[in-house]
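Accompanying notes for the structure given below.
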There are 2 protein chains.
Amino acid sequence: MGLTRSEIFTDEQNQLSTLLKAIAHPARIAVLQRILISNTCICGDLVEELGLAQATISQHLKELKTAGIIQGTIEGVSVCYCINPKTWKLLEEQLGTFFGSYKGETSCC
Amino acid sequence: MGLTRSEIFTDEQNQLSTLLKAIAHPARIAVLQRILISNTCICGDLVEELGLAQATISQHLKELKTAGIIQGTIEGVSVCYCINPKTWKLLEEQLGTFFGSYKGETSCC
DNA sequence: ATTTTATATCGTAATATTGCGATATAAAAT
DNA sequence: ATTTTATATCGCAATATTACGATATAAAAT
């Protein structure tokens, strides 16, 4: 026990939860907001701007990258991270479907 | 170490990450989808439908309730859970702002 | 009053996440 | 060739999450 039983859920449910999990951390939200605003991002800036250690930021960037939410290319000494448009749109769509299926306040409780 | 340093992030960033975390699990996504479809929900149904133990489902429902995403009222022997419209709209809005700030594929990498 | 039914809580084991110092890597500048 | 600069990875401790059996609770049926 102690590990999520992915096998009993649909691929869509697992995929959506994986993407949401990648975003569900204040540091990673902050990183994404920063990337979204500047449309460009260098890791070094984040280390100064957020108050986390360089190793920690690097780890959060890796998680976002592994989930496919951001992508990075080496640019000389530094690395340029930006949004992965494909995954971003996919997630936006999935969330749209999810939230769209709410039929308003005809609640029972 | 080992615990999220919430104090260095904004209230909005922390709130959004908390709500996303509550949703970022396939079982809880499945539960929400079930509630959204039927606009009503009883825990017992879920135990049969998903393949998780009763204690586990109850725990997931509690997490969704604690986050304010669902609300429940006792109805005789069973409990009726449904979406909390206030939080649902709040999250939808926050996500709208978040995803809306993406300025398209003028990516650098 | 007792049993049944539906849900919640407790306790616990397995696993995952978070954060960071230390160290590695690798390109650029000297 | 060596040093500097930017980022990644390793190893580890602290904490959180996931799942479930066992047990508690509490209303409904008998």
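What you see is a predicted model, and the numbers here were worked out from it, not measured in a lab. We name chains A, B, ... by the order of the sequence lines, and we start the count at 1 in each one. These values consider heavy atoms only, across backbone and side chains, with no hydrogens, waters or symmetry-generated copies.
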I want to check one thing: is the phosphate of C:dT17, taken as OP1 and OP2, less than 4.0 Å away from some side-chain N or O of A:His60? no
Give a yes/no answer on whether the side chain of A:Thr4 brings an N or O atom under 4.0 Å of OP1 or OP2 in D:dT18. no
Quiz item: B:Gln54 side-chain donor-acceptor pair to D:dC20 base, under 3.5 Å: no
For the atom pair CG (A:Leu52) and CD1 (A:Ile57), what is the distance rounded to the nearest 0.5 Å? 5.0 Å
d(CD1, B:Ile29; P, D:dT18) in whole Å: 11 Å
Looking only at side-chain N and O atoms, does A:Tyr81 come under 4.0 Å of OP1 or OP2 in D:dA8? yes
Let's see if you can work this out: which of D:dT18, C:dT9, D:dT7 has an atom nearest to the side-chain heavy atoms of B:Ser58? C:dT9
Under 4.0 Å between any heavy atoms, over every strand shown, what does A:Ala55 touch: base, sugar-phosphate, or nothing? Just pick one. base
Donor-acceptor under 3.5 Å (B:Arg28 side chain, B:Ala22 main chain): yes
One pair to check against side chain to side chain contact (heavy atoms under 4.5 Å, CB included): A:Leu46 and A:Tyr81. What are the steps and the verdict? CA-CA 11 Å; A:Leu46 293 168; A:Tyr81 279 111; over 6 Å; no
Is B:Leu52 touching bases, backbone alone, or none of the nucleic acid, heavy atoms closer than 4.0 Å? sugar-phosphate
Looking at D:dT7, C:dT7, C:dT18, which one has an atom nearest to any side-chain atom of A:Ser78? D:dT7
Side-chain N or O of A:His25 less than 4.0 angstrom from OP1 or OP2 on D:dA16? no
Can you check the A:Ile57 CD1 to D:dT9 P distance for me, whole Å? 15 Å
Heavy-atom check, side chain of A:Leu19 versus side chain of A:Gln94, under 4.5 Å: no
Would you tell me if any nitrogen or oxygen in the side chain of A:Lys21 comes within less than 4.0 Å of OP1 or OP2 on D:dT17? no
Given D:dC20, C:dA6, C:dT18, the nucleotide with the shortest approach to the side chain of A:Glu63: C:dT18
Of B:Arg5 and B:Thr56, the one whose closest DNA chain C nucleotide lies more 5': B:Thr56
Side-chain touch A:Leu20/A:Leu95, heavy atoms, less than 4.5 angstrom: yes
Watson-Crick or G-U wobble partner for D:dT23, using a 3.5 Å limit on both distances? C:dA8
Can you say whether the rings of B:His25 and B:His60 are parallel (under 30°), tilted (30 to 60°) or perpendicular (over 60°)? tilted
C:dT3 pairs with, by Watson-Crick or G-U criteria that keep both distances under 3.5 Å: D:dA28
Atom CG of B:Leu61 to atom P of C:dT9: distance rounded to whole Å? 11 Å
Any strand: nucleotide that pairs with C:dA14 via Watson-Crick or wobble, under 3.5 Å: D:dT17
Using a cut-off of 4.0 Å on non-hydrogen atoms, how would the nucleic acid contact of A:Ile42 be classed: base, sugar-phosphate, or nothing? sugar-phosphate
Between D:dA19, C:dC20, D:dT17, which nucleotide gets closest to the side-chain atoms of B:Gln59? D:dA19
Rounded to the nearest Å, what distance is computed from the CG atom of residue B:Asp45 to the P atom of nucleotide C:dA6? 10 Å
Between C1' of C:dG19 and CD of B:Glu7, the distance in whole Å: 12 Å
